[in-house]
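Written out below as structure tokens is the structure these notes cover.
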Amino acid sequence: MHTERNHDRYFSSELLDWYDVNKRDLPWRRSRDPYHIWVSEIMLQQTRVDTVIPYFHRFIERFPTIEALADAPEDDVLKCWEGLGYYSRARNLQSAARQITEQYGGVMPSGKEEVAGLKGVGPYTAGAIRSIAFNIPAAAVDGNVMRVLSRYFLIEDDIMKIKTRTRMEELVLTLVPEGRASDFTQALMELGALICTPKSPKCLVCPVMEHCAGRLEGKEESLPVKTKAKPPRPEHRLAAIVEGTGVHEGKILIRKRPASGLLAGMWELPHIEVTSGASAVSTKGATEQSGLSAVSTKGGTVASDTASVHSKAVAERSEVTTVPSETVMVPSNVAVPSEKAAVIRLTDGLLAEGVPVRPIGHYMDAEHTFSHIQWKMSVYRCVWQEEPESLSGLQAAESAAAYEAGETNDFRWIDAGDMERYAFPNVFIRILSSYFSKMDGAGSR
DNA sequence: TACGCGTGGGT
DNA sequence: TACCCAAGCGT
């Protein structure tokens with residue numbers, strides 16, 4: 001029975017002894033500066049230690065203090081976060097730094113309410129900061145801890161449920177040894193990271209294997225119980241590498257994304273969504289799509305611009321449309337318009353967003369998977385067309401409507417050297433790097 | 001509550 | 001290869 005005090009003391013004391021000998025030398029363990037602990041905890045959310053280490057060094061060097069972070073331009077903070085993902089973490093981190101500067105004189109508070117009230121600091125991070133940096137007995141229950149506890153105490157509740165986490169927080173508080181909150185929090189996570197791993201846990205070298213109920217029941221591999229995540233939904237997009245002319249000769253056009261939502265505040269290539277499922281919501285869109293699909297299916301040759309397809313997810317999406325079944329019973333790649341249709345859609349779509357271009361050829365395809373969306377992007381080289389034939393009052397109205405809908409109106413012309421001045425999501429870094437390296441090679445001959 | 005929100009490594 | 005994930009938070 002897990003509530004027996006002697007087993008609890010055994011667990012905590014064996015765990016701490018193990019940690020004292022086996023803990024890794026990590027950059028944020030070299031001090032107890034609450035700022036360092038805080039930054040590391042935010043970076044480590046859903047992110048591996050090996051990935052975080054170089055980012056942590058760069059971030060602390062660039063923003064040495066909470067006040068330095070508070071005073072920096074947001075674009076600088078995002079640039080420092082570029083490639084790390086979940087960019088709201090960076091924007092919330094800076095927002096909280098400004099909070100601390102204004103409300104607490106630039107000093108990280110240690111009170112429960114104060115810490116938990118910081119932007120981007122939830123129950124886990126609040127507990128981590130208070131226990132690790134201030135040695136306060138506080139629970140920091142993350143995925144590691146839930147895995148360790150679910151196995152040791154044979155807790156079979158779904159760890160995706162908030163109730164399970166709060167229950168484990170209560171359990172942790174009963175386990176914290178007097179005066180060693182900081183080490184205990186880190187030891188719990190360290191055991192999860194090094195020994196009590198998700199797959200093939202190293203029970204034979206585990207310091208607490210003797211009384212681990214999960215292992216004794218032979219359930220160490222099937223714990224913790226966790227509901228599966230949904231597969232990402234596919235989205236087809238057409239992107240433009242817009243080459244400038246005149247004073248913008250040799251440069252290409254980028255734009256800033258809206259201040260909220262996916263990749264908020266990051267820079268990108270102008271692009272439009274052309275997912276068939278999205279347009280099929282309206283009858284008009286479905287009709288247009290079925291026309292395109294028929295071309296592909298009748299010939300029996302379904303053009304495939306991208307390699308892999310989440311066919312299961314695609315099938316689910318297709319069922320909600322009202323398009324005739326013989327039209328939708330084809331793989332998702334029919335959603336990719338023919339090259340000719342794509343050129344028209346890209347021209348019209350970007351014009352409606354205030355970007356007049358003339359596509360001059362397909363450049364490359366790029367696939368990028370987020371946690372919840374899979375972008376299948378087709379990239380076209382385009383030239384900026386100052387005065388498109390069809391530019392009219394209607395176009396101006398559509399452009400205004402797009403802006404109202406949250407589209408950004410912040411555009412820049414950049415060259416290869418400007419890459420280091422703007423923060424891009426990975427998928428655009430890949431495309432831009434490819435483009436600029438090819439242009440450099442061509443230009444140097 | 002459930003979903004939106006990135007990325008790269010492991011198997 | 002095609003998943004599965006890894007030190008969560010905001011809404």
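Residue numbers start from 1 in every chain, and the chains themselves are labelled A, B, ... in the order their sequence lines are given, proteins ahead of strands. Treat the numbers as computed from the prediction; the structure is a model and nothing was measured.
When each of C/dA6, B/dT7, C/dG10 is scored by its nearest atom to the side-chain atoms of A/His368, the top-ranked nucleotide is B/dT7. The side chain of A/Gln45 has C/dG8 as its nearest neighbour among B/dC5, C/dG8, B/dT1. Between B/dG8, C/dC9, C/dC4, one nucleotide has an atom nearer to the side chain of A/Pro123 than all others, and that is C/dC9. Closest approach to the A/Arg89 side chain among B/dG6, B/dC5, C/dC9 is made by B/dG6 (side chain taken as heavy atoms from C-beta onward).
A/Glu268 has a carboxylate O that lies under 4.0 Å from a charged side-chain N of A/Arg257, or vice versa, which qualifies the two as a salt bridge. Taking 4.0 Å as the cut-off between side-chain N and carboxylate O, A/Asp142 and A/Arg165 do not count as a salt-bridged pair.
In this structure, A/Lys119 does not reach the C/dG10 phosphate: none of its side-chain N or O atoms is under 4.0 Å from OP1 or OP2.
As a whole-Å value, the separation of A/Phe424 CZ from B/dT7 P is 13 Å.
Ring-centre distance between A/His271 and A/Tyr380: not below the 6.0 Å cut-off.
The base of B/dG8 is not paired with the side chain of A/Thr47 by any donor and acceptor separated by under 3.5 Å.
If you take atom C1' in C/dC5 and the same atom in C/dT1, they sit 16 Å apart, rounded to whole Å. Remark: the separation of the P atoms in C/dC3 and B/dG6 is 22 Å, to the nearest Å.
Shown here is A/Arg24, whose CZ atom has more than 12 heavy atoms of other residues, nucleotides or ligands within 6.0 Å.
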